[in-house]
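A short write-up of the structure that comes next.
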Amino acid sequence: MNNLIAPKNLKIGIFRCLKAGTNPEFPEQGTPQGGVVSPLLANIALNGIEEIHPSVRYADDMVFFLKPKDDANEILGKISQFLAARGMNISEKKTKITASTDGFDFLGWHISVQSNGKFRCVPSVDNLKTFHRKVRAIVNCSNYGSKVKAEKLAPLVRGWRNYHRYCKMDGSRNSLYHIETRAYKVFNKESRNDRYSSKKLLDKAFPAVPYSENKFVNVQGEKSPFDGDITYWSERNSKLYDGETSKALKQQNHACGYCGLKMLSSERVHLHHIDGNHDNWKKKNLLATHESCHDYHHMSKGKPQNIGSRMHRNGHVRI
């Protein structure tokens, strides 16, 4: 890894993972498949395979894009040579060639190109079935009541919707209409036909997440969070937010409204209501801040000032 983009302590951690193994008695077994470091090691081993042919890759899952004039066998041969040099080979069982108009499943999505040339991505059938199975297990469980069920469903539903937030999510299939209807009936029955209470539980169990089809912000070329380009990364991470938070970040030039430092992915962005009234959503009353700055403000009960008012002096932030 390049010394300019890989801090020394990270490289030491990687080397230790390579030597640790899965069992102290059998260190030669290496790292476990599915372990937290496995995708990182796959990215290191496969670094450079993208130069063979236009492709997209997530760890060791890859899709290569072929044009009618491209020779699939020739490209597969080059890939095989690349992998062989690293002690790996192509899985014939998982490898297939398909037309983009027919579509294919990748990382829980079904990806295809419509006849009009538009790129279309939706949750795959298997992904949806797995998700439905998890939701049904909670809804139909008789060991706890509706309130606990709603608390358990909320993070599951929010996580699934966030994962697919850049897909086409309208329609009853992806909007979860049918499974929400089933959950409502169960909640209503358990709440003794209290429709108001059941509706509140349903809203809590199935939190809404905004989606924007094909609006994901790609990372440019060879960019790395460790390359020191704070301006690029703060602007990119700001684009991952929407609504009033996005507007506030743009107005503040992607900097925290409290400490004045740039917004990076290491910390979440919070939207602060200056007058303390959470019903006041006027633009002048909203301030995008670091999560820690927001917490500090409420703990100290101080009053946030304008951007840059608490900027660093002699390289240190004054708060």
Side-chain angles (χ1 to χ4, degrees), residues 150-151 153-170 174-176 199-220 223 225 227-319:
E151 292 174 352
L153 284 171
L156 178 65
V157 174
R158 185 183 297 107
W160 185 82
R161 282 177 163 165
N162 268 319
Y163 185 77
H164 298 293
R165 65 179 301 178
Y166 298 109
C167 295
K168 182 180 183 297
M169 294 297 287
D170 54 359
N174 299 323
S175 68
L176 307 181
K199 182 62 171 64
K200 288 182 65 177
L201 287 172
L202 191 71
D203 292 340
K204 182 178 181 180
F206 291 85
V209 173
Y211 70 92
S212 304
E213 187 181 3
N214 301 340
K215 295 297 183 181
F216 180 75
V217 183
N218 291 322
V219 176
Q220 294 180 0
K223 299 302 295 182
D227 60 11
D229 193 345
I230 295 178
T231 300
Y232 169 80
W233 286 104
S234 61
E235 290 183 3
R236 180 188 182 277
N237 291 323
S238 296
K239 293 177 182 177
L240 300 179
Y241 293 89
D242 48 30
E244 301 303 325
T245 304
S246 175
K247 295 176 182 177
L249 284 168
K250 187 175 181 180
Q251 183 181 12
Q252 296 169 203
N253 195 25
H254 317 288
C256 174
Y258 195 68
C259 70
L261 299 180
K262 293 290 188 179
M263 300 290 193
L264 301 178
S265 59
S266 57
E267 191 168 5
R268 292 178 58 188
V269 175
H270 279 200
L271 195 62
H272 175 70
H273 292 73
I274 297 174
D275 65 359
N277 181 8
H278 285 206
D279 292 326
N280 182 0
W281 289 86
K282 293 182 179 180
K283 185 167 63 174
K284 293 182 179 180
N285 190 50
L286 302 176
L287 203 66
T289 69
H290 290 114
E291 182 178 16
S292 58
C293 290
H294 196 205
D295 292 342
Y296 177 84
H297 163 71
H298 284 290
M299 285 189 295
S300 63
K301 296 182 180 180
K303 183 178 180 181
Q305 301 175 18
N306 294 329
I307 298 172
S309 63
R310 299 196 174 210
M311 286 292 286
H312 56 285
R313 177 179 295 178
N314 296 328
H316 300 283
V317 177
R318 299 185 62 201
I319 57 176

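Contact annotation: the side chain of Glu213 never approaches that of Cys167 to less than 4.5 Å [non-hydrogen atoms, C-beta and beyond]. Looking at Lys283 and Lys247, their side chains never come closer than 4.5 Å, going by heavy atoms from C-beta outward.
With values rounded to the nearest 0.5 angstrom, His254 atom NE2 is found 8.0 Å from Lys250 atom NZ. The distance from atom CZ of Phe206 to atom OG of Ser175, rounded to the nearest 0.5 Å, is 11.0 Å. Atoms CE and CH2, from Met169 and Trp160 in turn, are 3.5 Å apart once rounded to the nearest 0.5 Å. For the atom pair Leu286 CG and Gln252 CD, the distance stands at 9.5 Å (nearest 0.5 Å). Once rounded to the nearest 0.5 Å, the distance linking CG of Leu271 with CH2 of Trp281 reads 5.5 Å. The line from CG of Leu287 to SG of Cys256 is 7.0 Å long, rounded to the nearest 0.5 Å.
For the ring pair (Phe, Tyr, Trp, His ring centres under 6.0 Å) test, residues two or more places apart in sequence or in another chain that qualify with Tyr163 are Trp109. Applying the side-chain contact (heavy atoms from CB on, under 4.5 Å) rule to His270 yields the partners Thr289, Glu291, His294; only residues at least two apart in sequence or on another chain are considered.
A donor-acceptor pair under 3.5 Å is absent between the side-chain atoms of Asn162 and the main chain of Val209, judged by distance alone. Judged by distance alone, the side chain of Asn285 and the main-chain N or O of His273 form no donor-acceptor pair under 3.5 Å. With Arg161 contributing its side chain and Pro207 its backbone, the two residues share a donor-acceptor pair below 3.5 Å. Remark: side-chain polar atoms of His290 are paired, donor with acceptor, to backbone N or O of Lys262 under 3.5 angstrom. Of the possible donor and acceptor atoms, one in the side chain of Asn277 sits under 3.5 Å from a partner among the backbone N and O of Asp279.
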Next item on the list: Evaluate the criterion side-chain contact (heavy atoms from CB on, under 4.5 Å) for residue pair Asn174 and His164; output intermediate values, then yes/no.
Entry: CA-CA 10 Å; Asn174 299 323; His164 298 293; over 6 Å; no
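When all heavy atoms of Gly260 and Ala255 are compared, the pair lying nearest together is O-CB, 3.6 Å. Minimum interatomic distance between Val157 and Ala205 (heavy atoms only, all atoms of both residues): CG2-O, 3.5 Å.
A salt bridge links Glu151 with Lys204: the distance from a Lys NZ or Arg NE/NH1/NH2 to an Asp or Glu carboxylate oxygen falls below 4.0 Å.
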